[in-house]
Number of protein chains: 2
Amino acid sequence: MDVLVRPTLLINEANTRANIARMVRKAARHHLKFRPHFKTHQSRQVAQWYREEGVTCCTVSSVQMASYFAVEGWQDITIAFPLNPREADSINQLASYVHLNLLAVNAEALELFLPQLHVAASIWIEVDTGYHRTGVDPDDAASIESMLQTLGQYPKVSFEGFLSHAGHSYKARSTAAIQAIQDEEVQIMTKLKGDYQARYPGVKLSVGDTPSCSVCENFEGIDEIRPGNFVFYDLTQVAIGSCTHKQIALVMACPVVAVYPHRQEVIVHGGAVHFSRDSLVDTQGVTHFGQVVVLQGNEWLLPPQPAFVRSLSQEHGIVTGPPDWVAAVKVGDILGILPVHACLTADAMGEFLTTTNSRIAMM
Amino acid sequence: MDVLVRPTLLINEANTRANIARMVRKAARHHLKFRPHFKTHQSRQVAQWYREEGVTCCTVSSVQMASYFAVEGWQDITIAFPLNPREADSINQLASYVHLNLLAVNAEALELFLPQLHVAASIWIEVDTGYHRTGVDPDDAASIESMLQTLGQYPKVSFEGFLSHAGHSYKARSTAAIQAIQDEEVQIMTKLKGDYQARYPGVKLSVGDTPSCSVCENFEGIDEIRPGNFVFYDLTQVAIGSCTHKQIALVMACPVVAVYPHRQEVIVHGGAVHFSRDSLVDTQGVTHFGQVVVLQGNEWLLPPQPAFVRSLSQEHGIVTGPPDWVAAVKVGDILGILPVHACLTADAMGEFLTTTNSRIAMM
């Protein structure tokens with residue numbers, strides 16, 4: 001721990017590889033193509049750990065992220081963000097040397113974009129299975145038809161199938177609740193497949209969010225899954241029921257700079273620019289931004305009584321815990337803090353340190 | 001606007017320079033040393049605009065940020081974050097070629113750090129004037145004495161004075177509330193100066209937060225101010241009463257990728273990795289993450305009826321607005337969105353684009 005001088009995002013490589021291997025096995029068991037979302041780690045080295053498990057395609061959340069992984073040799077990439085016609089130049093460049101899958105959520109974007117596309121690309125139609133962020137209403141056959149008609153006018157693009165992201169599973173707090181969302185998603189998606197299979201014999205279905213892919217076993221009729229967060233998991237996934245604390249693969253190491261026993265507070269270097277600001281509500285109904293763990297060699301352990309990050313400013317974190325715990329913390333100590341949302345914390349930090357002191361770069 | 005293809009943080013140079021010039025004049029009027037906090041912009045070029053107004057010293061929030069500005073020729077830097085003894089190596093290196101001011105909040109950190117300090121440095125004692133984040137209780141003479149005794153044992157360090165940050169002014173929602181906080185801070189700080197002036201004839205007082213420095217005129221006995229956010233301002237500062245919308249100098253430009261008139265929602269590329277996740281509550285009591293403005297050449301204008309970012313995921317922003325406004329928005333449009341917290345949005349974006357299309361780098 002002597003190498004830790006400032007807020008540092010530790011990655012447990014063994015946990016990360018175990019999380020990857022478990023999902024690879026699950027996809028294989030269900031005969032699913034595994035196209036993991038790389039927005040969680042944004043790292044060529046973590047991507048390499050996937051490759052070592054036989055993964056050959058990926059999902060990203062932006063054109064820039066697709067470019068980063070394309071340069072690293074990823075040849076089959078889905079940009080799981082609605083097609084932005086303003087990015088046509090970058091998309092043309094990318095699609096000229098990788099198999100690019102794009103996401104259509106409306107005919108307007110296709111009409112603006114497709115005349116600018118000079119190379120081959122695949123298009124998925126995003127379906128809203130209940131998250132209500134983006135995607136077409138599965139009952140809105142007219143909108144789907146309008147997109148298919150537009151696609152039909154451009155021989156450079158092929159229609160791959162229907163894609164969904166059941167992001168509302170993040171509001172679930174039990175396996176049963178996740179299962180209900182997954183069952184509904186599978187039902188909606190397989191009905192669509194049935195409706196369009198005669199006209200598009202190869203039509204495929206792509207789903208995937210970490211809660212459903214972690215706990216559900218119902219993938220009947222689904223062709224592909226795209227979970228991302230599971231590679232690290234986090235406190236949100238523990239709260240949902242997707243994983244245990246033991247499976248979390250990221251922990252922030254934060255130097256203690258002040259201890260205020262009378263306030264039961266410890267001040268660490270570790271703020272909103274390190275954790276980002278996603279929060280959770282603990283079992284007492286109080287908001288927090290991370291939970292303290294004890295760092296021990298390559299492991300981190302939950303202390304007997306919980307301590308939480310209760311407030312974040314730009315660089316400061318305020319941790320509260322039981323009086324005897326606070327009394328034992330000293331200026332100069334390092335606290336381990338499990339992140340609420342691994343994706344945003346990794347994005348804010350921009351690099352990882354392995355528990356054997358190797359730096360892992362991100363895009 | 002054709003150059004805008006993805007989320008882009010626009011900086012209005014004229015507003016920024018006007019914000020700087022106004023605070024420079026105010027500091028001069030009150031005979032205050034002006035040591036602006038550079039954590040808001042983290043940019044050598046914006047720092048240069050300060051230099052052109054005669055500013056020669058600055059405040060930063062981390063040792064790394066101090067190193068960035070030291071390399072750029074800033075020779076007098078305060079690290080306004082509690083001294084972290086683990087960073088002794090970097091601090092020694094920095095203090096060997098710039099005048100470094102460090103922040104002590106307890107004797108423990110000084111006892112761990114000072115034996116490791118090989119070069120001259122100045123120390124400020126942070127005082128908690130009501131924010132209750134870090135700093136010594138101004139009535140806790142024993143703790144102050146303990147720090148002064150420790151400092152006295154190390155001839156390499158000089159005691160500069162007392163420093164405070166009235167961060168609780170961010171909860172104010174009126175000029176009167178800001179004024180009350182400022183009056184109390186000035187009273188606490190000048191009493192301390194009185195108590196220690198005989199023993200330390202040159203003892204100085206440093207205060208500074210954007211609300212107080214923007215609206216108050218009571219700096220009697222204060223030697224230095226350190227506001228930072230005012231350089232850009234943001235929606236939080238409008239809510240507090242520190243500034244008007246017109247003075248805000250940053251706006252995020254976000255491409256529209258979907259429009260859902262029946263939900264009164266517009267989906268933009270612009271998420272938590274771009275805005276960070278600080279929120280405000282609007283006049284109807286509803287949480288938001290940014291407010292839509294109309295981009296017009298070098299200006300941005302508030303539309304007649306407000307539209308807000310109501311939800312952020314990693315890359316998506318969901319904007320809601322009045323039905324006739326939503327009906328007029330088209331896929332491919334660019335929406336201007338004023339940030340809730342300029343410091344965190346700038347940190348998340350990592351660079352600015354001027355309204356004349358020049359890129360401004362950040363650390």
Side-chain angles (χ1 to χ4, degrees), chain A residues 2 4-7 39-40 61-65 80-90 103 105-109 111-113 126 132-135 167 255-260 263 265 267 269 271-273 276-279 311 313-316 318 330-332 334 341 343-344 347-348, chain B residues 2 4-7 39-40 61-65 80-90 103 105-109 111-113 126 132-135 167 255-260 263 265 267 269 271-273 276-279 311 313-316 318 330-332 334 341 343-344 347-348:
Chain A
D2 284 350
L4 301 172
V5 299
R6 62 184 70 88
K39 72 172 181 174
T40 305
S61 57
S62 69
V63 177
Q64 287 174 301
M65 207 182 292
F81 185 85
L83 180 60
N84 169 7
R86 287 179 174 257
E87 295 193 287
D89 287 351
S90 307
L103 205 58
V105 302
N106 49 52
E108 294 90 325
E111 279 155 16
L112 288 167
F113 170 73
E126 189 188 8
H132 304 323
R133 185 176 65 182
T134 50
V256 172
V257 295
V259 182
Y260 297 100
R263 283 164 24 197
E265 287 180 355
I267 312 297
H269 191 189
V273 297
S276 185
R277 282 190 64 88
D278 263 14
S279 59
S311 174
S313 40
Q314 186 159 346
E315 301 268 354
H316 303 68
I318 301 184
K330 289 188 173 42
V331 171
I334 295 284
H341 188 171
C343 308
L344 293 186
D347 182 79
Chain B
D2 283 350
L4 302 172
V5 299
R6 62 184 71 88
K39 73 172 181 175
T40 305
S61 57
S62 69
V63 178
Q64 287 174 301
M65 207 183 291
F81 185 85
L83 180 60
N84 170 7
R86 288 179 174 258
E87 294 192 288
D89 287 352
S90 308
L103 205 58
V105 302
N106 49 52
E108 293 90 326
E111 279 155 17
L112 288 167
F113 169 73
E126 189 188 8
H132 304 323
R133 185 175 65 182
T134 50
V256 172
V257 294
V259 182
Y260 297 100
R263 283 164 25 196
E265 288 180 354
I267 312 298
H269 191 188
V273 296
S276 185
R277 281 189 63 87
D278 263 14
S279 59
S311 174
S313 40
Q314 185 159 343
E315 301 268 355
H316 303 67
I318 301 184
K330 290 189 172 42
V331 170
I334 294 284
H341 188 170
C343 308
L344 293 186
D347 183 79

Fill in the blank from the handout: Whatever's closer than 4.5 Å to a heavy atom in chain B on S311(A) counts as neither

Fill in the blank from the handout: If one checks every heavy atom of S279(B) against chain A at 4.5 Å, the contacting part turns out to be neither

Problem - Shortest non-hydrogen contact between G332(B) and R86(A), atoms and distance - result: O-NE, 2.7 Å

Problem - Contact origin within N84(A) toward chain B - heavy atom pairs under 4.5 Å - result: both

Exercise for the section: For chain A, find which of V259(B), T134(B), L83(B) contributes the most heavy-atom pairs closer than 4.5 angstrom. Expected result: T134(B)

Completion exercise
In short, P7(A) meets P255(A) closest at the heavy-atom pair N-CD, 3.9 Å

Exercise for the section: List the atom of V63(A), the atom of S90(A), and the distance in Å for their closest heavy-atom pair. Expected result: CG1-CB, 3.6 Å

Exercise for the section: Mind checking the CD-CZ spacing from E87(B) to F113(B)? Nearest 0.5 Å is all I need. Expected result: 10.0 Å

Handout entry: Among the listed options A258(B), P85(B), S61(B), the residue most often paired with chain A at heavy-atom distances under 4.5 Å
Key = S61(B)

Exercise for the section: Quick one: which of Q64(A), E111(A), E108(A), K330(A) has the most heavy-atom pairs under 4.5 Å with chain B, could you say? Expected result: Q64(A)

Exercise for the section: Answer yes or no: is there a side-chain heavy-atom contact under 4.5 Å between M65(B) and K39(B)? Expected result: yes

Handout entry: Closest-packed option against chain A by number of heavy-atom pairs under 4.5 Å, given E315(B), R133(B), H269(B), H341(B)
Key = R133(B)

Practice task
Name the region of D89(A), side chain, backbone, both or neither, that has any atom closer than 4.5 Å to a heavy atom of chain B.
Solution key: neither

Practice task
Could you look at A348(B) and say if it's the side chain, the backbone, both or neither that has a heavy atom under 4.5 Å from chain A?
Solution key: neither

Practice task
Return the option, out of I318(A), V257(A), V256(A), I267(A), with the maximum number of heavy-atom pairs under 4.5 Å with chain B.
Solution key: V257(A)

Exercise for the section: For chain B, find which of G167(A), S313(A), A88(A), G271(A) contributes the most heavy-atom pairs closer than 4.5 angstrom. Expected result: S313(A)

Practice task
Would you mind checking which part of Y260(B) comes under 4.5 Å of any heavy atom in chain A, side chain (CB onward), backbone (N, CA, C, O), both or neither?
Solution key: side chain

Exercise for the section: Answer yes or no: is there a side-chain heavy-atom contact under 4.5 Å between R277(A) and L344(B)? Expected result: yes

